[in-house]
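Worksheet: the structure to be examined is printed underneath.
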Amino acid sequence: MKLATWNVNSLAVRLPQLLAWLAEHHPDTVVLQETKLTDDKFPVAELAEAGYLAQVFGQKTYNGVALLSREPAADVVKNIPGFEDPQARVIAGTVGSLRVVGAYFPNGQAPGSEKFAYKMRWLEALHEWLKAELQRYPRLLLMGDYNVAPEDADVHDPVAWAGQIHCTPEEREHFRQLLALGLHDAFRLFEQPPKSWSWWDYRNLAFRRNQGLRIDHILVSDVLKPQVASCVIDKLPRKNERPSDHAPVVIELIG
DNA sequence: ATGCCCTACTTGGTAGGA
């Protein structure tokens with residue numbers, strides 16, 4: 001079983017790259033972030049042609065998430081239940097025996113800003129919801145663009161980024177609180193290349209210089225942890241013409 | 001360095017991203 005998460009930064013722009021990537025890797029389930037499409041504009045037919053059903057939760061211009069799967073998704077949830085939010089950031093569904101939660105965490109802009117306060121409220125609500133979701137669905141993955149670099153090892157220049165957005169103590173504490181629910185960072189279950197990032201700024205030749213952050217993550221629940229066969233970041237799509245600034249993260253489960 | 005790039009949109013500056 002292969003699953004992936006990818007912040008495509010506009011599916012309207014990136015659809016050809018997504019279709020090519022799906023054809024090459026044939027994952028079973030994929031969550032997308034920053035589709036930036038209202039649901040009526042989602043390319044349902046093109047993805048069906050590629051073999052994927054789509055559960056979509058979009059909005060105009062910003063945000064927007066989707067859950068693509070070869071098998072139908074059941075019990076679909078959009079956004080965090082009980083947390084009023086005009087922004088489309090979460091889509092969850094049950095695919096086979098797995099509960100898949102796809103999420104686009106708020107950016108937060110700058111510590112102390114109103115957007116940062118929203119990020120903190122959103123993270124708190126996510127934590128409370130997942131606590132219940134894990135009780136109901138022990139075989140759970142939380143995958144997406146977290147907009148949090150959990151450790152200094154996830155940052156190309158930890159000194160320059162110290163205290164900056166994605167690297168603040170508050171954000172990292174929220175990440176640890178998710179782990180404390182009984183979740184595990186699948187990428188760190190394996191030895192990985194040093195300087196592994198999932199996002200590189202479009203500016204400053206950042207990709208060519210490998211100056212990035214690891215902010216896209218897949219967390220797996222306790223019972224799934226022994227079934228994780230691999231977890232990798234696929235940097236190749238970042239080398240495309242007109243790439244997303246994020247790379248896909250891919251996980252393989254056995255059993 | 002409140003700069004750099006990319007996307008969307010009331011299509012020309014602006015907002016937002018990270």
Side-chain angles (χ1 to χ4, degrees), chain A residues 5-18 21 31-43 56-66 85-90 102-123 126 143-175 187 195-217 233 235 237-249:
Chain A
T5 175
W6 195 2
N7 179 326
V8 292
N9 186 15
S10 170
L11 188 55
V13 174
R14 234 65 68 186
L15 180 62
Q17 295 182 40
L18 175 64
W21 193 83
V31 291
L32 304 175
Q33 302 88 41
E34 286 206 87
T35 55
K36 301 185 178 178
L37 288 175
T38 50
D39 293 350
D40 59 304
K41 296 203 168 92
F42 197 89
V56 299
F57 183 40
Q59 67 181 89
K60 193 177 175 185
T61 308
Y62 302 118
N63 310 309
V65 288
D85 195 348
Q87 305 184 30
R89 295 189 171 277
V90 177
Y104 175 46
F105 291 37
N107 173 296
Q109 204 163 61
S113 67
E114 173 50 38
K115 290 194 173 74
F116 188 81
Y118 163 69
K119 184 175 193 173
M120 294 296 109
R121 291 195 301 275
W122 189 95
L123 285 163
L126 178 74
M143 43 206 299
D145 176 358
Y146 286 52
N147 274 316
V148 178
E151 307 280 349
D152 279 355
D154 303 310
V155 183
H156 73 94
D157 186 345
V159 173
W161 279 87
Q164 301 297 310
I165 196 66
H166 312 304
C167 303
T168 65
E170 295 94 327
E171 294 166 277
R172 287 176 167 180
E173 175 58 23
H174 275 291
F175 188 90
F187 190 75
K195 303 185 187 304
S196 287
W197 325 125
S198 67
W199 170 86
W200 300 259
D201 202 305
Y202 283 123
R203 298 169 288 187
N204 302 323
L205 305 172
F207 182 71
R208 200 198 295 184
R209 294 172 174 165
N210 197 32
Q211 297 177 344
L213 306 174
R214 191 176 72 95
I215 54 177
D216 301 84
H217 307 295
I233 297 169
K235 289 175 68 166
R238 191 60 175 78
K239 300 183 180 181
N240 289 342
E241 278 187 47
R242 291 192 83 186
S244 170
D245 43 355
H246 294 255
V249 186

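Every chain is numbered from 1 and lettered A, B, ... according to where its sequence line falls, protein lines coming before strand lines. All values below come from the heavy atoms of this structure, side chains included, with hydrogens, waters and symmetry mates left out. Treat the numbers as computed from the prediction; the structure is a model and nothing was measured.
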Sugar-phosphate means primed atoms, P, OP1 and OP2; the rest is base. With that split, encode nucleotides 8-17 of chain B 5' to 3' as B, S or - using protein heavy atoms under 4.0 Å.
SSS-----SS
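Annotation: ring pair (Phe, Tyr, Trp, His ring centres under 6.0 Å) contacts of A/F105 (sequence neighbours excluded): A/W122, A/Y146. Scored by the side chain to side chain donor-acceptor pair (under 3.5 Å) test, A/N107 finds no partners at all (sequence neighbours excluded). The side-chain contact (heavy atoms from CB on, under 4.5 Å) search around A/S10 returns A/A12, A/V13, A/K36, not counting sequence neighbours. Evaluation of the salt bridge (Lys or Arg N to Asp or Glu O under 4.0 Å) rule for A/D245 yields no partner, not counting sequence neighbours. Under the ring pair (Phe, Tyr, Trp, His ring centres under 6.0 Å) criterion, A/F187 pairs with no residue at all, not counting sequence neighbours. Applying the ring pair (Phe, Tyr, Trp, His ring centres under 6.0 Å) test to A/F207 and every residue at least two apart in sequence or in another chain returns A/W200.
Distance noted for atom P between B/dT11 and B/dC6: 22 Å (whole Å). For B/dT2 and B/dT14, the C1' atoms lie 14 Å apart once the distance is rounded to whole Å. For B/dA1 and B/dG13, the P atoms lie 28 Å apart once the distance is rounded to whole Å. Comparing B/dA15 with B/dT10, their C1' atoms sit 14 Å apart, to the nearest whole Å.
When the C1' atom of B/dC4 is taken as reference, atom CZ of A/F207 falls 19 Å away, rounded to whole Å. Rounded to whole angstrom, the span from the NZ atom of A/K41 across to the P atom of B/dT7 amounts to 18 Å. For the pair A/N240 CG and B/dC6 P, the computed distance is 14 Å after rounding to whole Å. With rounding to whole Å, A/N204 atom CG is found 13 Å from B/dC6 atom C1'.
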Begin with the C-alpha distance, continue with both residues' side-chain angles, and end with the deciding distance and a verdict on salt bridge (Lys or Arg N to Asp or Glu O under 4.0 Å) for A/R172 and A/D152.
CA-CA 10 Å; A/R172 287 176 167 180; A/D152 279 355; 3.0 Å; yes
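The salt bridge (Lys or Arg N to Asp or Glu O under 4.0 Å) analysis of residues 103-115 of chain A, with sequence neighbours excluded, yields the pairs A/E114-A/R121.
Annotation: proximity of residues 160-171 of chain A to DNA chain B (heavy atom, distance under 4.0 Å) is found for A/H166, numbered in ascending order.
In plain terms, the two heavy atoms of A/R89 and A/N63 that are nearest each other are NH2-OD1, 3.3 Å.
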